[in-house]
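These notes concern the structure reproduced below.
As the structure is a prediction and not an experimental result, all values here were calculated from the model. Proteins come first, then strands; the chains are lettered A, B, ... in the order of their sequence lines, and each starts at number 1.
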Amino acid sequence: MSLLDASGPIEFAPGAWLLPNHASEQAADILAAIRECVRQAPLRHFMTPGNKPMSVLSSNCGDFGWVSDSKGYRYQATDPKSDKPWPDIPSILLNDATQVAEQAGYPEFLPNACLINVYKPGAKMGLHQDRDESDLNEPVVSYSFGLPARFIWAGQTRTGTKQRLPLNHGDVLVWGGPSRLNYHGIDKLVEGTHPLTQQTRVNLTLRKA
DNA sequence: TAGTTACA
DNA sequence: CGGA
């Protein structure tokens, strides 16, 4: 982190933290490792249970991957496209996520699932809960790389007051505890170009499945 | 409802 | 809301 990016962690809701620019130094290495994951398990548009395509492109690494199709949301150990195991979570990412979780008050976080979501301009993510994990005491750690986005943070229902947080390259979010089931999403991605990712936002979300 | 659209 |  350079002296110009000195803002520290921000607790924007109970147990929910934004770590601005936390991962910018490791970004190139993490993205290189994720590029290799995506070579082995290609990006695809998941279908929602209502059989509508998501606008983001997705893949996974880890012992389990989050998938969605007409049968619903779930974690599974193999890529439905290939029936092969997902690639390993890159160790640089796994180690950092554990450290980040500890900083936010969630010690001994050992994620076994990393969802890779790639946003092109126009892609978005509607308000949803992360609730397909078996142990909701474990937090969610989410990395943003490349193009900026606006994160929408709601309460335990979709309605009501929402916060909007800017997410820039290298920012990391952690939420758990009382905030673990809060609805959240991403506004439609605005056009732009980033030196490391071109016209792309890369989001990596680590969880214990 | 991790989806889209209509309309005030 | 409504298609699957």
Short N/O separations, protein against nucleotides 4-8 of chain B, under 3.5 angstrom:
unit_1 : atom_1 : unit_2    : atom_2 : d
dT4(B) : OP2    : Lys124(A) : NZ     : 2.4

From [X] atom [atom1] to [Y] atom [atom2], the distance as rounded to the nearest 0.5 Å:
X         : Y         : atom1 : atom2 : result
Arg207(A) : Glu138(A) : CZ    : CD    : 13.0 Å
Ser68(A)  : Leu115(A) : OG    : CG    : 10.5 Å
Trp17(A)  : His22(A)  : CH2   : NE2   : 14.0 Å

Answer yes if Val172(A) and Val140(A) sit in the same cluster of Ile, Leu, Val, Met, Phe, Trp and Tyr residues linked by side chain heavy atoms under 4.5 Å apart, and no otherwise. no
Please give, in whole Å, the distance from [N] [atom2] to [X] [atom1]?
X         : N      : atom1 : atom2 : value
Leu57(A)  : dG3(B) : CG    : C1'   : 16 Å
Lys71(A)  : dG3(B) : NZ    : C1'   : 18 Å
Asn51(A)  : dG2(C) : CG    : C1'   : 13 Å
Ile186(A) : dG3(B) : CD1   : P     : 11 Å
His128(A) : dG3(B) : NE2   : P     : 8 Å

Indicate yes or no for a side-chain donor-acceptor contact from Ser59(A) to the backbone of Ile116(A) under 3.5 Å, with no hydrogens or angles considered.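 No.
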Side chains of [X] and [Y]: donor-acceptor distance under 3.5 Å anywhere?
X         : Y         : answer
His128(A) : Asp130(A) : yes
Lys84(A)  : Thr78(A)  : no
Asp132(A) : Trp66(A)  : yes

Dot-bracket for DNA chain C: what is it, with Watson-Crick or G-U pairs under 3.5 Å, [ ] where a pair crosses earlier ones, and | for a pair to another strand? |...
Quick one: label [X] by what it contacts on the DNA or RNA (base, sugar-phosphate, nothing), any heavy atom closer than 4.0 Å.
X         : answer
Thr48(A)  : sugar-phosphate
Asp132(A) : base
Arg207(A) : base
Leu127(A) : sugar-phosphate

Thinking salt bridges, do Asp79(A) and Lys81(A) make one under a 4.0 Å N-O criterion? no
